Amino acid sequence: VSAARLPLLITLTTDFGHADWFVGAMKGVILGQTPGAMIVDLTHAVPSGDIRAGAFALLAGCRCFPPGTVHVAVVDPSVGSSRPALAVRTTDYYFLGPDNGVLSFALARERVQAVRRIENERLFRQPVSASFHGRDVFAPVAAYLAGGGDFARVGPEAGGFVRLRWPEPQVAKEGWTGEVIYVDHFGNAITNLGPEQLGGRAPQGVELMLPGRKRCPLAACYQAAPVGQPLGLIGSCGLLEVAVNRGSAARSLGLRVGSKVQVRFFARPSRGRSHKA
Amino acid sequence: VSAARLPLLITLTTDFGHADWFVGAMKGVILGQTPGAMIVDLTHAVPSGDIRAGAFALLAGCRCFPPGTVHVAVVDPSVGSSRPALAVRTTDYYFLGPDNGVLSFALARERVQAVRRIENERLFRQPVSASFHGRDVFAPVAAYLAGGGDFARVGPEAGGFVRLRWPEPQVAKEGWTGEVIYVDHFGNAITNLGPEQLGGRAPQGVELMLPGRKRCPLAACYQAAPVGQPLGLIGSCGLLEVAVNRGSAARSLGLRVGSKVQVRFFARPSRGRSHKA
Amino acid sequence: VSAARLPLLITLTTDFGHADWFVGAMKGVILGQTPGAMIVDLTHAVPSGDIRAGAFALLAGCRCFPPGTVHVAVVDPSVGSSRPALAVRTTDYYFLGPDNGVLSFALARERVQAVRRIENERLFRQPVSASFHGRDVFAPVAAYLAGGGDFARVGPEAGGFVRLRWPEPQVAKEGWTGEVIYVDHFGNAITNLGPEQLGGRAPQGVELMLPGRKRCPLAACYQAAPVGQPLGLIGSCGLLEVAVNRGSAARSLGLRVGSKVQVRFFARPSRGRSHKA
């Protein structure tokens, strides 16, 4: 009830870039239909057609938004073909996007309540183009839902949705083997390793082994390493990332998506309780 | 009347880029004057001083916005000289920009009601700089008009406005010759050819001839071509564009603004009715 | 009082770039806490860790915003270390950022009323990450202050703040020696020289000496120089900038931050009154 007085919040995650009018066009459609909407760009710089990168950006950013937010993710190289368009209702949010996995990393952390295929053409902007469903399908349906529209009207229930494989860390002889899953603007290399793999060990009990047998320590912040030197830390997504103090880990260490990163424990690890000792 | 309770909508199209504070400064001026305004970036990545590209972006995006929107386009290499600044009222919108043609593609599709030169310095931010009329002239006048200001007060009536030449498709022996007028972020090459040139023919009755005598078929969506292969389709602007499935037509075919693209009909075209047959 | 009904205005200046979800995440935190906030990007393209460039962007843009605006600047290579986070109240604004000088150029032009260290963890987003205080510290505190929160609650009074050195123009034999302090998107080179150094002289009484003993005239607008030729003008920040008509001064003249620029007066300068004569 009271939510009706709050601004309606819609986020956009796309590979549309900033060079053209594409994002602005989506916003025009939304605001024409639901004038009170507040639209936030999560990112529009997903590499063209890189569904995994879009899925990761949505995962990393979506939970910063309050309940009721409508998250729209359009990385959609098969636009105009027969791939379904999805609307997913979770306990806290709506998620809209093509059924190609772009929603799946975020949905794995949400409580999914209902999944529908977006097929009700009466909700679309007409005529629907072959190449811009962001403007013609997702924007008007997002506006409809943000404005309090009936979820059941977007289309029929879907049996499920495409899930991208999340690479699981592998147990190794002296620790864990993981891989880089995202490289950010600063050149920080975010891995699939997290606190569970560190097992509560203090930083002194762990080191990272990077490609080319380069080693680096764990640290509490970037500046704990000398300028230009690498370190690992638990980053803002809750995942282990490899960084270089005042530099780019991607550039200076040659890290990219898929690069292997090992967590190695020392022979006499100081266990979790050492944090509090 | 009821429009007064809607958010006031202003769009910005510029070549200011994202590196500096220029766009933010315009927004600060607008919001200081008209606090309820909603400001949407159409694009700020128009190549420096490329009036045609700005004019095309405005054309392509402006009609996604609801009536009452104020569209501001500042691609203005002659800022500070004697070139006039224009405010144009159409049936649905206001358009503001320098009188260098940047508004002209969009205006060609609108019903123009009145054209005025922006000359009322009492509406400007003072002091007016020599190099940033986006902040000092266009932003405050846009805020004034979005807030319900009197159009007649912006300045005297103008006799007309500068129009950029829109390249018309040429009839060729077996079809039409057109050219690329815009290359987007994905490398899709948008042409001046449209449905009229296809004359209702089914895709099987038409092919495109690209520079270097490369041929490509028409298709209904990007994915209808094999990965890495070119196709033509009627894009989201209603114009024929050349694309490469999961690739960049600009890069792999060497297309750029001005590149010639031919529509060629086959000897026995299947006419429009074949769509429905 | 009436300000409470205005949209709450928050600006963001960061080096987070546009590739990732970082800026969107900050906005989600702000809007979750203070739904009516209007958030404006000043710029997110400050070069990574370039505190001076961020400080200059904030200086150049902040005064375009109405009183009551909360300005947040996060260029923070030492995030997670012991560097303090600051909140500064001036007559017109709040300024928030790390205490590394990023606020100092802007603050030098404001009337500072109070400076506090942001230390009240009850205002933070929990858990606070080691690497993203933009999201976990600055965004929630900005939302708190924009929403009318008590400034004294953000943390204890600070004795002062880090100030970056502003390079002062030097008197030279025939005029002044200054330097480039910022290069913008268009390649215009903004210097630390201003109207005071020109001393009211008419453009004809002054010339600029650029590196490599290249000379250029002062002009009233870009177009006053031939296409491709350099000129100096008082730009939109009120500082002398070197530009090239329809070109990039940075590229064609090799100007960068720190490049020396001399103002030279002619033997018989026509003094200020010549403006009005």
Side-chain angles (χ1 to χ4, degrees), chain B residues 7-8 10 12 14-41 43-51 74-83 98 100 125-137 139-140 143 185, chain C residues 2-3 5-9 11-13 17-18 36 38-47 53-54 56-69 71 182-188 190 218-224 227 231 233-239 241 243 245-248:
Chain B
L8 312 162
I10 296 175
L12 305 179
T14 78
D15 62 352
F16 294 168
H18 294 92
D20 314 299
W21 57 88
F22 303 140
V23 174
M26 286 183 71
K27 293 178 180 175
V29 169
I30 291 170
L31 292 168
Q33 198 174 323
T34 309
M38 187 74 78
I39 308 168
V40 177
D41 304 305
T43 177
H44 300 292
V46 174
S48 289
D50 187 339
I51 297 166
V74 190
V75 181
D76 194 11
S78 305
V79 59
S81 72
S82 60
R83 66 99 191 89
N100 59 16
R125 181 176 188 269
Q126 297 295 344
V128 175
S129 67
S131 56
F132 194 4
H133 288 192
R135 179 192 67 186
D136 302 334
V137 174
H185 163 74
Chain C
S2 66
R5 293 180 301 156
L6 295 182
L8 312 162
L9 209 43
T11 78
L12 304 179
T13 302
H18 294 92
M38 187 74 77
I39 307 168
V40 177
D41 303 305
L42 209 47
T43 176
H44 299 292
V46 174
F56 189 78
L58 183 63
L59 165 68
C62 70
R63 289 214 66 84
C64 294
F65 289 81
T69 299
H71 293 296
Y182 189 90
V183 174
D184 76 15
H185 163 75
F186 295 99
N188 299 325
I190 301 172
L218 283 192
C221 70
Y222 299 135
Q223 231 187 9
V227 169
L231 68 146
L233 55 66
I234 299 294
S236 60
C237 300
L239 293 168
E241 67 185 52
N245 185 18
R246 313 244 172 168
S248 161

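What's counted below: heavy atoms across the whole structure, side chains too, no hydrogens, waters or symmetry copies. Chain letters run A, B, ... following the sequence lines, proteins first and then strands; every chain starts at 1. Since the structure is predicted, the reported quantities are computational estimates derived from the model, not experimental observations.
With a 4.5 Å cut-off on non-hydrogen atoms, B/Val79 touches chain C through its backbone and its side chain both. When heavy atoms are compared at a cutoff of 4.5 Å, C/Asp41 approaches chain B solely by way of its backbone atoms N, CA, C and O. Heavy-atom distances place the side chain of C/Ile190, and not its backbone, under 4.5 Å from chain B. For chain C, no part of B/Arg83 is nearby; none of its heavy atoms comes within less than 4.5 Å. Contacts of B/Asp15 with chain C are made by both backbone and side-chain atoms, with heavy-atom separations under 4.5 Å.
Looking at residues two or more places apart in sequence or on another chain, you find no side-chain hydrogen bond (donor to acceptor under 3.5 Å, both in side chains) involving C/His18.
A distance of 10.0 Å separates CD1 of C/Ile234 from OG of B/Ser131, quoted to the nearest 0.5 Å. In this structure, B/Ile30 CD1 and C/Cys64 SG are separated by 11.0 Å, a value rounded to the nearest 0.5 Å. For the atom pair OH of C/Tyr182 and CH2 of B/Trp21, the computed distance is 5.0 Å after rounding to the nearest 0.5 Å.
Checking side-chain atoms of B/Arg135 against main-chain N and O of C/Ser236 turns up a donor-acceptor pair under 3.5 Å. In this structure a side-chain-to-backbone donor-acceptor pair under 3.5 Å is present from C/Thr43 to B/Ala19.
With chain B as the partner, the residue from C/Ala220, C/Pro66, C/Cys62, C/Gly68 showing the most heavy-atom pairs under 4.5 Å is C/Pro66. The candidate with the highest count of non-hydrogen atom pairs below 4.5 Å against chain C, out of B/Gly49, B/Pro127, B/Ser78, B/Ala139, is B/Ser78.
At a threshold of 4.5 Å between non-hydrogen side-chain atoms, the residues B/Pro77 and C/Tyr222 do not count as touching. The closest side-chain heavy-atom distance from B/Ser48 to C/His185 is below 4.5 Å.
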Practice item. Start with the C-alpha distance between B/Ser82 and C/Gln223, add both sets of side-chain angles, then the distance that settles side chain to side chain contact (heavy atoms under 4.5 Å, CB included), and finish with yes or no. Key: CA-CA 10 Å; B/Ser82 60; C/Gln223 231 187 9; over 6 Å; no
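When every heavy atom of C/Val183 is checked against every heavy atom of B/Asp20, the shortest pair comes out as O-OD1, 4.3 Å.
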